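See below for the structure under consideration.
Along the sequence shown, residues carry numbers from 1. Every number for a ligand or one of its atoms is a count from 1 in the order of the listing. What you see is a predicted model, and the numbers here were worked out from it, not measured in a lab.
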Amino acid sequence: MRVEMTTILETAGLSYTYEGGKQALRNISIKIPTGCKVAFLGPNGAGKSTLFMHFNGILKQTAGDVEYDSKKVEHSKKGLMKLRKEVTFVMQNPDDQIFNVIVEDDVAFGPFNLDLPVDEVRKRVDGALKMVGMENERRRPIHHLSFGQRKRVAVASALAMDPKVLIMDEPTAGLDPEMVHRLYEIADEVNMNGSTVIISTHDVETAYSWADLVIVIVNGEVLAQGTPFEVFSMKDVLEKAGLSVPMVHGLNEFMNTNGRSSIYGRTMSTVLLNMRRDVVPGTLHVMRPGCIGKIYGRAGVYGSASRSFIENEKIDVQIRFNAIERCIGDILDGNDSTLYLDHALDHVLDRKLLDVAAHGITIPVKECQ
Ligand code: ADP
């Protein structure tokens, strides 16, 4: 989504000390722009979860202020209910937030408590379960599910609230690689619907290409913030935070210091363009849900409406995760590719095409009618 100039969450001089005396946050002053995709990085015990718990009022600061939508967070029952309707928090461990026995009951719990009409609750539950790929498990007892599946249920429960801010604490930990990419796709989808998405993660590779804003926390303090490129260029910060350098960033720096290119790619396919002189791109054929046409090259899918469509129609799609990046990879190798893409996610593709265009390469895009 286009990041707006307004601030959705803000802390000023926020400090927090747990009962027992452990000071977890020290003088945190940050602003989260509305519509932003934010990744918090930092070692275990840095204070990321503690900070997140201030964003939706689970914890109350010992000093300083927390504002949501330019108003101080109120810890009255009414104030918290209002806040949690809009700011949803997916905890690191799904077992800390799942209370129901059956999958769909857990996902319905939040919307049901918003006093929404039954039809609307059902619609939200269906949509959220589909987004996390758990629609076929809806009647299963949660304790029969794997850790990764329980995590997906926890994410679905948050999605069903249709939040303005979605906060996920290490959402990809314990998920298989395909689900990790699916989760970032879901995060893009929520973001394109207008929501701000905040995550914490140790996965620097994906955070680098996904985040608009990176905030590094160490020992309860903000050590650095900025674009992924800015933050990963700060060697002393990476050292203090114990962060490894994403491979793409390392390649960007190598190309830059060797004077070969000053253009920074966010993902492998674009950074590799700095090393290639012979690219004759294929054509990207974009298909929409509802559209059945000839498939050119390998086909990929991005977005929940497109996923539902290809599954219902039993369309053979080879690239089932990280599809925008991988379809573009095929195209830059000179092949055609077909991408089933939700309209709502066009902006993600546009951004990628712009990254490629920065290298002087225009990818022909054909929209299938
Ligand atoms: P992160 O999410 O970055 O791993 P946390 O916010 O969980 O960090 O923890 C920050 C610090 O607060 C750590 O030193 C941790 O041990 C401490 N801490 C977390 N929860 C509690 C608690 N309930 N009581 C006391 N100390 C806690």
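Of all the atoms in ligand 1, the ones that sit under 4.0 Å from a non-hydrogen atom of Pro43 are 3 (O). Taking every non-hydrogen atom of Ala46 and a distance limit under 4.0 Å, the qualifying atoms of ligand 1 come out as 1 (P), 3 (O), 8 (O). Close approach of ligand 1 to Thr50 is summarised as follows: ligand atoms under 4.0 Å from at least one heavy atom of the residue are 5 (P), 6 (O), 9 (O), 10 (C). In summary, the atoms of ligand 1 found under 4.0 Å from a heavy atom of Asn44, numbered by their order in the structure, are 4 (O).
Using a 4.0 Å cut-off between heavy atoms, Ser200 makes no contact with ligand 1 at all. The proximity of Lys48 to ligand 1, defined as any non-hydrogen pair under 4.0 Å, involves the side chain as well as the backbone.
Aromatic ring pairs are classed by plane angle as parallel below 30°, tilted from 30° to 60° and perpendicular above 60°; the pair Tyr208 and Phe232 is perpendicular. Ring planes of His54 and Tyr16: perpendicular class, angle over 60° (limits at 30 and 60°). Between Phe40 and Phe52, the angle of the ring planes goes over 60°, which puts this pair in the perpendicular group of the 30/60° scheme.
Using a cutoff of 4.0 Å between basic side-chain nitrogens and carboxylate oxygens, Arg351 and Asp212 are scored as salt-bridged. Under 4.0 Å is where a charged nitrogen must lie from a carboxylate oxygen, and between Glu178 and Arg320 no such pair does.
For atom 2 (O) of ligand 1, the closest non-hydrogen atom on the protein side is Ser49 OG, 2.6 Å. Of the protein's heavy atoms, Gly45 O, 3.6 Å lies nearest to atom 13 (C) of ligand 1. Of the protein's non-hydrogen atoms, Gly47 N, 3.1 Å is the one closest to atom 8 (O) of ligand 1.
Side-chain contact check for Glu325 and Thr267: at least one donor-acceptor pair (N or O, by modelled atom type) lies under 3.5 Å. A donor and an acceptor atom, one from each side chain of Asp105 and Asn100, are nowhere located under 3.5 Å apart.
For the pair Gly20 and ligand 1, no heavy-atom separation below 4.0 Å is found.
Surrounding CE of Met275 are more than 12 heavy atoms belonging to other residues, nucleotides or ligands, all under 6.0 Å away.
The presence of a protein heavy atom under 4.0 Å from atom 15 (C) of ligand 1 is ruled out.
Within the set Phe40, Phe52, Tyr18, the minimum heavy-atom distance to atom 24 (N) of ligand 1 is found for Tyr18.
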